[in-house]
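What you see is a predicted model; the values in this text were computed from it and never measured.
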Amino acid sequence: MKDLHPIFTKFKKEFPGIHAKNEALGREIHEASGPLPDKTRWLLKIAISAASQHMIASKLTSRKERKQG
């Protein structure tokens with residue numbers, strides 16, 4: 001899958017070990033997140049990103065949802 005933002009591509013190249021651990025953590029959280037449906041989890045991620053003013057994160061999360069949903 002193509003990266004959604006150039007900053008993320010640069011991060012992956014500069015810090016491959018951290019990226020791998022971050023991906024593993026994301027999978028663990030997603031798979032063991034409890035009874036919430038996927039759609040609800042994605043909406044919460046967008047809300048948390050926007051509320052903490054991480055606009056790149058909220059934009060990337062919403063794009064990812066559109067591509068998957």
Side-chain angles (χ1 to χ4, degrees):
M1 178 167 79
K2 184 177 182 273
D3 290 341
L4 297 173
H5 199 278
I7 292 173
F8 184 62
T9 304
K10 183 178 177 185
F11 170 79
K12 285 185 352 183
K13 287 180 183 174
E14 290 183 13
F15 306 101
I18 294 172
H19 172 259
K21 289 178 181 178
N22 186 56
E23 288 289 306
L25 176 62
R27 273 191 304 280
E28 178 66 25
I29 289 169
H30 187 74
E31 292 167 3
S33 62
L36 294 175
D38 287 344
K39 190 77 157 186
T40 302
R41 283 197 299 264
W42 287 118
L43 289 171
L44 286 170
K45 288 178 185 180
I46 292 169
I48 291 167
S49 296
S52 55
Q53 298 182 356
H54 290 286
M55 300 319 292
I56 291 174
S58 70
K59 200 182 306 184
L60 294 178
T61 302
S62 64
R63 277 191 212 164
K64 188 175 181 181
E65 170 59 26
R66 274 185 264 151
K67 288 182 181 199
Q68 291 179 354

Completion exercise
CD (Glu14) and OG1 (Thr9) are apart, to the nearest 0.5 Å, by 11.0 Å
Completion exercise
d(Lys21 NZ, Ile18 CD1) to nearest 0.5 Å is 8.0 Å
Practice task
Please state whether the rings of Phe15 and Phe11 are parallel, tilted or perpendicular, taking 30° and 60° as the class boundaries.
Solution key: tilted
